[in-house]
Participant: 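My questions all concern the structure below.
Here the structure is a predicted model, which means the values were calculated and not measured. The chains referred to below are lettered A, B, ... by the order of the sequence lines, with proteins before strands, and numbering in each begins at 1.
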There are 2 protein chains.
Amino acid sequence: MGLALCLLSHLKLYQNMNLATPPVITPESVKVACSNCNLRELCMPAGFNANDMKKLDEIVATRRRVKQGDMLFSNGDAFTSLYAIRTGFFKTCISTEDGREQVTGFQMAGEIIGLDGIVTDHHSCNAVALEDAEVCVMPFANVEDLSREFPLLQRHVHKIMSREIVRENSVMMLLGNMRAEERLAAFLLNLTQRLHARGFSQTELTLRMSREEIGSYLGMKLETVSRAFSKFSDDGIIEVKQRYVRILNTDALKKIFNPETCN
Amino acid sequence: MGLALCLLSHLKLYQNMNLATPPVITPESVKVACSNCNLRELCMPAGFNANDMKKLDEIVATRRRVKQGDMLFSNGDAFTSLYAIRTGFFKTCISTEDGREQVTGFQMAGEIIGLDGIVTDHHSCNAVALEDAEVCVMPFANVEDLSREFPLLQRHVHKIMSREIVRENSVMMLLGNMRAEERLAAFLLNLTQRLHARGFSQTELTLRMSREEIGSYLGMKLETVSRAFSKFSDDGIIEVKQRYVRILNTDALKKIFNPETCN
DNA sequence: ATCACTCCTTGATGCAAATCAAACGATAAT
DNA sequence: ATTATCGTTTGATTTGCATCAAGGAGTGAT
């Protein structure tokens with residue numbers, strides 16, 4: 001059984017860990033409108049004609065820059081808009097009063113954040129920029145209005161929300177059933193897959209988050225994350241230097257993630 | 001600080017663990033149409049006039065009975081419909097090829113299942129009836145068509161999906177950061193809260209799932225679940241006899257769930 | 001360059017939960 | 001009633017990860 005197929009039949013766990021699994025795009029300069037945005041294929045549904053796209057441009061009210069370390073929104077903030085990430089990298093997290101923090105996701109260009117705010121009209125998590133970022137502000141009222149007009153957009157919005165539900169299901173599997181090295185393997189495979197879909201290398205990446213943030217997402221302590229990295233490195237599966245990671249043996253990672261079915 | 005408030009400020013974790021936190025309803029006989037359904041307040045948005053409700057009845061195509069142990073849908077099935085639970089109790093779960101299973105949720109009357117299927121047009125989890133059940137089959141095409149007509153319904157659908165995302169965020173916090181007894185306390189508080197919203201006792205319940213299924217949901221082994229039950233029982237917090245549970249000290253449960261802020 | 005700070009790595013030890021194991025209780029079948 | 005089956009409880013032991021601790025590497029400020 002081929003590895004790709006093996007992983008497909010196996011829950012597509014690391015593939016579900018991200019918000020979007022879109023077509024490859026090539027980086028180039030862009031204009032403000034969605035219709036000219038090079039992230040369009042990541043953010044917007046396919047199948048619109050030029051006229052429709054014009055209308056769709058109305059969905060984005062403004063752009064907003066967020067400096068590294070700053071919050072795009074935080075727990076308790078009134079919900080008004082969804083945000084499409086244009087550049088930069090975010091984490092979303094929730095925390096308890098006694099200081100325990102859970103990272104609920106990492107988001108990159110082309111992905112949508114803010115869905116948590118719809119149900120109560122207030123956000124229930126924090127969205128923190130892990131590097132300087134720019135987002136498209138999409139007032140949710142616009143999204144809903146245009147959704148009623150364009151069934152394709154409506155379906156797209158539903159798919160985005162459903163994808164997030166399915167992703168979180170996969171994270172529950174990770175947290176509930178997998179061991180430390182399996183979790184980290186799934187994490188690395190997921191990250192590189194998403195980066196690859198954005199035109200980056202499949203085997204090389206620079207992490208935008210600390211060991212502690214990875215650990216928070218994966219339900220383990222930073223020391224355990226570090227040890228798992230070192231183990232992979234000792235085994236010749238990856239090369240690590242601080243936040244630079246080079247994957248030397250993708251198949252080995254896939255086997256760690258899913259030892260039974262890949263062989 | 002009052003306990004209710006304490007928990008509100010503390011992430012509302014166990015409150016987020018369910019799909020719906022609706023108003024109390026009283027059981028009585030019902031007709032087939034949504035407009036006459038006594039679960040209407042759980043399933044449908046408020047604010048519709050009689051005429052609107054008539055149209056809304058079109059959303060439900062049929063009813064379907066599911067016997068205990070049978071699946072409403074399973075991984076890989078084509079997605080066509082959402083399902084509103086009329087009676088009975090479900091679990092949703094995903095599994096790996098090497099046999100590890102993760103329960104992703106337990107659903108009761110008035111809650112909606114099937115959202116996972118939207119993104120790929122195929123379901124990615126199994127929905128198993130834990131007791132004989134009846135569901136309203138809502139073809140998703142109907143849902144989308146009527147959503148474009150009725151902004152209130154559109155918003156309602158969005159809220160249901162957002163609520164599920166927020167619930168899963170809370171489960172991630174449970175799985176990533178909490179200890180066995182905290183998880184079980186949160187689980188019991190969540191279940192009783194949802195049952196109470198359906199007109200049942202706040203302090204007494206009969207579990208519909210096994211220790212193993214609870215454990216799968218909470219990321220622990222059945223023995224650990226059993227031990228946690230016994231511990232609560234020894235401490236006089238609950239009374240357990242197999243699947244019957246009576247909560248003797250809700251405040252103590254809340255303290256276990258959130259030791260820091262409740263005192 | 002030096003210092004301060006943050007992040008990361010590695011080692012030693014402790015512990016919560018998993019695993020292994022056995023017995024018990026409830027339910028259904030014969 | 002008797003047996004079989006399944007779910008649950010409880011005890012003994014193991015183990016994977018957390019915790020505690022110390023030092024190293026990278027980065028920015030002065």
Participant: Can you tell which of dT8(D), dT10(C), dA18(C) lies closest to the side chain of Ser230(A)?
Facilitator: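 Among the listed nucleotides, the one closest to the side chain of Ser230(A) is dT10(C).
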Participant: Quick check for you: among dG7(D), dT19(D), dC8(C), whose closest atom lies nearest to any side-chain atom of Arg243(B)?
Facilitator: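 Looking only at side-chain atoms, Arg243(B) lies closest to dG7(D).
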Participant: Looking at the side chain of Ser226(B), which of dT19(C), dT10(D), dC17(D) is the nearest nucleotide?
Facilitator: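 Between dT19(C), dT10(D), dC17(D), the one nearest the side chain of Ser226(B) would be dT10(D).
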Participant: So, do Ile238(B) and Leu248(B) sit near enough that their side-chain heavy atoms are less than 4.5 Å apart?
Facilitator: no
Participant: Heavy-atom nearest nucleotide on DNA chain D for Arg179(A) versus Glu223(A): which residue maps closer to 5'?
Facilitator: Arg179(A)
Participant: Let me know the distance between CD of Glu213(A) and P of dC7(C), rounded to the nearest Å.
Facilitator: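 Computing the Glu213(A):CD to dC7(C):P distance gives 8 Å.
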Participant: Can you check the Leu184(A) CG to dT9(C) P distance for me, whole Å?
Facilitator: 11 Å
Participant: Would you indicate what Gly215(A) reaches in the nucleic acid, counting non-hydrogen atoms under 4.0 angstrom: base, sugar-phosphate, or nothing?
Facilitator: nothing
Participant: What nucleotide, of dC17(D), dG7(D), dT9(C), holds the atom closest to the side chain of Arg211(A)?
Facilitator: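 Nearest listed nucleotide: dT9(C).
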Participant: Answer with base, sugar-phosphate or nothing: what part of the nucleic acid does Lys241(A) contact at a heavy-atom distance below 4.0 Å?
Facilitator: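 Since only primed, P, OP1 and OP2 atoms lie under 4.0 Å of Lys241(A), the category is sugar-phosphate.
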Participant: How many whole angstroms separate atom CG of Leu207(B) from atom C1' of dC6(D)?
Facilitator: 17 Å
Participant: Cation-pi between Arg208(B) and Phe106(B): NZ/CZ under 6.0 Å from ring centre and within 45° of the ring axis?
Facilitator: no
Participant: Can you tell whether the side chains of Lys67(B) and Glu131(B) come within less than 4.0 Å, N to carboxylate O?
Facilitator: no
Participant: Can you check the Met220(B) CE to dC17(D) C1' distance for me, whole Å?
Facilitator: 17 Å
Participant: Salt bridge between Glu182(B) and Lys255(B), side-chain N to carboxylate O under 4.0 Å?
Facilitator: no
Participant: How many Å lie between CZ on Phe232(B) and C1' on dT9(D), as a whole number?
Facilitator: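 Those two atoms, CZ and C1', are 16 Å apart.
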Participant: Rounded to the nearest angstrom, tell me the gap between atom CG in Leu222(B) and atom P in dT10(D).
Facilitator: 13 Å
Participant: I need the minimum non-hydrogen distance between Gln68(B) and Leu130(B), along with the two atoms involved.
Facilitator: NE2-O, 3.0 Å
Participant: Take the protein atom CD of Gln242(B) and the nucleotide atom P of dT10(D), then report the distance between them rounded to whole Å.
Facilitator: 11 Å
Participant: Just how far, in rounded Å, is C1' of dT27(C) from CD of Gln68(B)?
Facilitator: 13 Å
Participant: If you look at every strand shown and take non-hydrogen atoms under 4.0 Å, does Arg227(A) touch a base, only sugar-phosphate, or nothing?
Facilitator: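 Base contact.
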